[in-house]
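These numbers come from the heavy atoms of this one structure, side chains and all, not from hydrogens, waters or symmetry mates.
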Amino acid sequence: MSREKRIERGVPSMPTGRSTVTAIVTAYNYGRFLAECAHSVLTQRDVDVRLIIVDDCSTDDTPLVTAELGRDPRVTVIRNEPNLGQIPSVNMALERVESEYVMKLDADDLLTPDSLARSTALLEAHPRIGFVYGRPLHFSGPVPAMASTPAKSWTVWAGHDWVAGRCRSGYNVISQPEVVMRTAALRAAGPVRADLPHTFDMHLWIQLASMGNVGRINGPAQGLYRVHDASLQRTIHAGALFDLRGRRDAFDAAFAAAAGTIPGARELHETARRNLAAVALDRACRAYDRGQTCEQPVDELVSFALETCPGARQLREWRALERRRYVGAKRAQRHPRFFAAALARRSAEELGHWLWLRTGEQ
């Protein structure tokens, strides 16, 4: 298995065969979004699609929407009684998947035109790839009008190199609607982890990459990720500290399983935890720079860093925080040195976001 990331150009945007892809959509009181989501799946070209919708005991008009959608023979509707939660619903649907490829969508997200054709073309060309992803387009409000766009290129990583990149950054680079997996690879990775409600997807990507290669479609957006106030990321799963703990749990669980078998696993796990500690300390620095030390959980962020990385006091972010503590919360916000550091941080984040959109790495 090559350790080099490969960029392949002049790639096809449709498979040579006609593959079948099953999309799993979980829905709880998202009836207002569900029809658009389902339409984005059922109108995919150059693939045969199957759609499994799990209505997790919704109390809105979701049953009316699913009754209409269920008229299409490609659609299977499951109604939970009582509410089971998102991850048990996903695992239940996975047991019914018979296609070679599978994907998961939240009911408020959508596929872009010909997304599945581009994904299956890459999976067809590279049998050792366990999953592919691409660029997600985050949006709020009306669904953006999208045209079918050919792939510019493919990126192919050896799976353990892709995992190493995630450990070096500590971030999840995938939103979710842009991913298509081999069903066999997903089943080999085991059921989706119900004890990781916030970062089960990040854990899954690391697991899959630990067992096979990873591909990315460069150029067109592959999925539409809706941002709205009722989403889990802005309600139940909100907050920097909550997110950091979830990412740490995902890394720990992955390295206790398949990721623990890849070359240099112990060092990679330590790298991931060290970088998460650095992110927590940087968050604490931001609180000083923005005059938000009373609003942000600075002490809890510091405690997280020390719990996560025994050598946290040796990190440059620790020294940066100590300088701010020495100056004091009132003066730190106006201190020229810290103001310059905040500008540099913002520039680095903008560059990182641009690279993520372009390359799928962060």
Side-chain angles (χ1 to χ4, degrees), residues 12-27 34-35 37-56 66 69-80 86-107 109-134 136 148 151 154 159 174-192 200-201 204-205 207-209 211-217 222-224:
S13 290
M14 66 177 65
T16 57
R18 191 171 181 89
S19 302
T20 303
V21 184
T22 299
I24 294 172
V25 175
T26 55
L34 182 55
C37 173
H39 180 75
S40 76
V41 173
L42 297 172
T43 55
Q44 292 289 308
R45 299 184 301 181
D46 299 310
V47 293
D48 291 327
V49 294
R50 302 290 183 270
L51 175 59
I52 301 176
I53 301 172
V54 184
D55 174 8
D56 199 18
T66 56
L69 292 170
R71 297 175 183 271
D72 189 317
R74 298 172 295 172
V75 178
T76 300
V77 177
I78 303 170
R79 167 80 177 180
N80 289 343
Q86 181 185 29
I87 298 176
S89 296
V90 170
N91 286 326
M92 179 193 307
L94 284 173
E95 294 177 0
R96 300 199 181 194
V97 173
E98 298 177 349
S99 58
E100 184 178 3
Y101 305 120
V102 63
M103 66 170 310
K104 178 190 174 295
L105 278 171
D106 290 335
D109 296 335
L110 305 95
L111 296 180
T112 58
D114 298 334
S115 170
L116 296 185
R118 291 188 292 267
S119 293
T120 54
L122 175 48
L123 287 161
E124 180 184 78
H126 290 277
R128 298 182 69 177
I129 286 178
F131 75 95
V132 302
Y133 69 112
S148 178
W154 293 340
I174 296 174
S175 297
Q176 188 182 182
E178 69 273 29
V179 175
V180 177
M181 300 164 278
R182 290 189 194 277
T183 305
L186 179 57
R187 293 214 165 107
V192 179
F200 70 87
D201 56 338
L204 179 58
W205 315 141
Q207 284 283 92
L208 290 170
M211 301 186 299
N213 292 347
V214 178
R216 184 180 190 267
I217 296 140
Q222 285 291 100
L224 297 175

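- Rounded to the nearest 0.5 angstrom, Gln222 CD and Ser115 OG are separated by 4.0 Å.
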Would you sort out whether Val97 and Leu186 count as a side chain to side chain contact (heavy atoms under 4.5 Å, CB included), showing the intermediate values? CA-CA 11 Å; Val97 173; Leu186 179 57; over 6 Å; no
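- A distance-only check finds no donor-acceptor pair linking the side chain of Ser99 to the backbone of Val21 [under 3.5 Å].
- Here the CG atom belonging to Leu116 is positioned 10.0 Å from the OG atom belonging to Ser19, to the nearest 0.5 angstrom.
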What do the steps show when you test Thr26 against Lys104 for side chain to side chain contact (heavy atoms under 4.5 Å, CB included), and what is the final call? CA-CA 8 Å; Thr26 55; Lys104 178 190 174 295; 4.1 Å; yes
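- For the pair Asp106 and Gln176, the minimum side-chain heavy-atom distance is below 4.5 Å.
- Looking only at distances, no side-chain donor or acceptor of Arg182 sits under 3.5 Å from a matching main-chain atom of Tyr101.
- Judged as a side chain to side chain donor-acceptor pair (under 3.5 Å), and not counting sequence neighbours, Thr66 has no contacts.
- Heavy atoms only, all atoms of each residue included: Trp154 and Ala125 are closest at CZ3-CB, 3.7 Å.
- The side-chain heavy atoms of Pro191 and Glu95, taken from C-beta on, include no pair separated by under 4.5 Å.
- Counting heavy atoms from C-beta on, the side chains of Phe131 and Met103 never come closer than 4.5 Å.
- Within 6.0 Å of the CZ atom in Arg45, the count of heavy atoms belonging to other residues, nucleotides or ligands does not exceed 12.
- Between Val90 and Ile24 the shortest heavy-atom distance is O-CD1, 4.3 Å.
- In this structure, Asp48 and Arg18 have side chains that are in contact, with non-hydrogen atoms separated by less than 4.5 Å.
- Note: Leu51 CG to Thr22 OG1 = 9.0 Å, rounded to the nearest 0.5 Å.
- More than 12 heavy atoms of other residues, nucleotides or ligands sit less than 6.0 Å from atom CE of Met92.
- Checking Ser89 against Asn80 by side-chain atom types alone, a donor-acceptor pair falls below 3.5 Å.
- Considering only residues two or more places apart in sequence or on other chains, Thr43 meets the side-chain contact (heavy atoms from CB on, under 4.5 Å) condition with His39.
- Residues Pro177 and Leu110 have side chains not in contact (no heavy-atom distance under 4.5 Å, counting atoms from C-beta outward).
- Across Val102 and Leu94, no two heavy atoms sit closer than the pair CG2-CD2, 4.1 Å.
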Go through the steps for Glu98 and Thr20 under the test side chain to side chain contact (heavy atoms under 4.5 Å, CB included), then give the verdict. CA-CA 9 Å; Glu98 298 177 349; Thr20 303; over 6 Å; no
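- A distance-only check finds no donor-acceptor pair linking the side chain of Gln44 to the backbone of Leu42 [under 3.5 Å].
- For the pair Thr112 and Gly223, the tightest heavy-atom approach, listed with the atom from each and the gap, is CG2-N, 3.9 Å.
- Among all heavy-atom pairs drawn from Asp201 and Ser175, the shortest one is OD2-O, 4.3 Å.
- Side-chain contact between Arg50 and Thr76 is absent, with no heavy atoms from C-beta onward closer than 4.5 Å.
- The structure places CG of Leu105 at 6.0 Å from OG of Ser40, a figure rounded to the nearest 0.5 Å.
- Contacts of Asp46 classified as salt bridge (Lys or Arg N to Asp or Glu O under 4.0 Å), with partners at least two apart in sequence or in another chain: none.
- Shown here for Cys37 and Val25, the closest heavy-atom pair between the two residues is SG-CG2, 3.9 Å.
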Would Ile78 and Arg96 satisfy side chain to side chain contact (heavy atoms under 4.5 Å, CB included), going step by step from the backbone distance to the final call? CA-CA 11 Å; Ile78 303 170; Arg96 300 199 181 194; 3.7 Å; yes
